[in-house]
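Working notes, beginning with the structure itself.
Just so it is clear, the structure is predicted and the values come from calculations on it, not from any experiment.
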Amino acid sequence: MAAFRVDKNAAFRAPGNEFSPIPSADRGTFPGLTYYAIDAKYRVPAFLKEEQTDKPVVIELQTSQNARERMRRVGSLGFTLGTTAYTLTAFADVKLRTITRVFVPFGDLTNVDATYKGGRYLDLDRTPTGLYDLDFNRAYHPYCVYNLSYECPVPPRENRLTAAILAGERLGPSALGAAK
């Protein structure tokens, strides 16, 4: 996990990286991302109960720019943190024929002051068994936190957890004032 974080900061700073959300002019002074300490209690198994319908269930998620983004609802991830059971809805791009990764946008009690008020994201590689390694230490902020030209989906109400997830990315000096 520590090496992943070092590599992500290097990629965000890289002058030729067209996928970095950090504007080119700011990459040389980019201080790096801020994280919670890696904590094993935020890495839990989760089971994906897939949607059982003939046609894909498509919903519209609000975005950071008050638009709508169509996403395919894949199913619900069930997991336990401590002694409390939770579920998060997993999504995929509506245009994909074959889903190889699921997108899990979520909000939690840290969104008030320590993380982006709009929530954070997880991406999970699809598994044939439905069992997933749900590691909140990999939770990341949407790119709109670092660059307002990005339009980012906001987690739906059903993905708002009633716990503080003290794992993954936090707000720090690299976040825009609007994100705080």
Do [X] side-chain atoms and [Y] backbone N/O form a donor-acceptor pair below 3.5 Å?
{"X": "Thr115", "Y": "Arg170", "value": "no"}
{"X": "Tyr132", "Y": "Thr127", "value": "yes"}
{"X": "His141", "Y": "Tyr116", "value": "yes"}

Any chain of hydrophobic side-chain contacts (each under 4.5 Å) joining [X] to [Y]?
{"X": "Val74", "Y": "Leu122", "result": "yes"}
{"X": "Leu77", "Y": "Leu81", "result": "yes"}
{"X": "Val57", "Y": "Leu61", "result": "yes"}
{"X": "Tyr35", "Y": "Ile38", "result": "no"}

*Quick one: ring pair (Phe, Tyr, Trp, His ring centres under 6.0 Å) partners of Tyr143, sequence neighbours excluded?*
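Scan of Tyr143 (ring pair (Phe, Tyr, Trp, His ring centres under 6.0 Å), adjacent residues dropped) gives Phe12, Tyr150.
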To the nearest 0.5 Å, what is the distance between [atom1] on [X] and [atom2] on [Y]?
{"X": "Leu134", "Y": "Leu88", "atom1": "CG", "atom2": "CG", "result": "6.5 Å"}
{"X": "Thr63", "Y": "Arg68", "atom1": "OG1", "atom2": "CZ", "result": "8.5 Å"}
{"X": "Tyr86", "Y": "Asn159", "atom1": "OH", "atom2": "CG", "result": "13.5 Å"}
{"X": "Ser76", "Y": "Phe47", "atom1": "OG", "atom2": "CZ", "result": "11.5 Å"}
{"X": "Cys152", "Y": "Asn147", "atom1": "SG", "atom2": "CG", "result": "9.0 Å"}
{"X": "Leu161", "Y": "Leu109", "atom1": "CG", "atom2": "CG", "result": "8.5 Å"}

_Quick check on Phe4: does its CZ atom have over 12 non-hydrogen neighbours (other residues, nucleotides or ligands) under 6.0 Å away?_
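Correct, the count exceeds 12.
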_Aromatic ring pairing Phe106/Phe136, orientation class (parallel under 30°, perpendicular over 60°, tilted between)_ =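 Plane angle over 60°, so perpendicular.
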I'd like to check [X] versus [Y] (side-chain heavy atoms, cut-off strictly below 4.5 Å). Are they in contact?
{"X": "Tyr140", "Y": "Asp123", "value": "yes"}
{"X": "Val104", "Y": "Leu124", "value": "yes"}
{"X": "Val145", "Y": "Leu171", "value": "yes"}

If you look at every heavy atom in [X] and [Y], which pair is closest and at what distance?
{"X": "Phe91", "Y": "Ile59", "result": "CE2-CD1, 3.2 Å"}
{"X": "Gly119", "Y": "Pro142", "result": "O-CD, 3.5 Å"}
{"X": "Val102", "Y": "Ala90", "result": "CB-CB, 4.0 Å"}

*Any pair with a residue in residues 146-163 that passes salt bridge (charged side-chain N to carboxylate O under 4.0 Å, His left out), sequence neighbours left out, goes on the list, sorted by first then second residue, please.*
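Sorted result for residues 146-163: Arg73-Glu158.
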*Which residues satisfy the side chain to side chain contact (heavy atoms under 4.5 Å, CB included) test with Arg72, sequence neighbours excluded?*
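Applying side chain to side chain contact (heavy atoms under 4.5 Å, CB included) to Arg72 gives Pro56, Ile99.
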If a pair satisfies side-chain hydrogen bond (donor to acceptor under 3.5 Å, both in side chains) and one of its residues is in [range], list it, with sequence neighbours excluded.
{"range": "residues 38-50", "result": "Arg43-Asp133, Glu50-Arg126"}
{"range": "residues 94-109", "result": "Arg101-Asp125, Asp108-Thr110, Asp108-Arg120"}
{"range": "residues 4-31", "result": "Lys8-Glu169"}

*Aromatic ring centroids of Phe103 and Tyr121 under 6.0 Å?*
yes
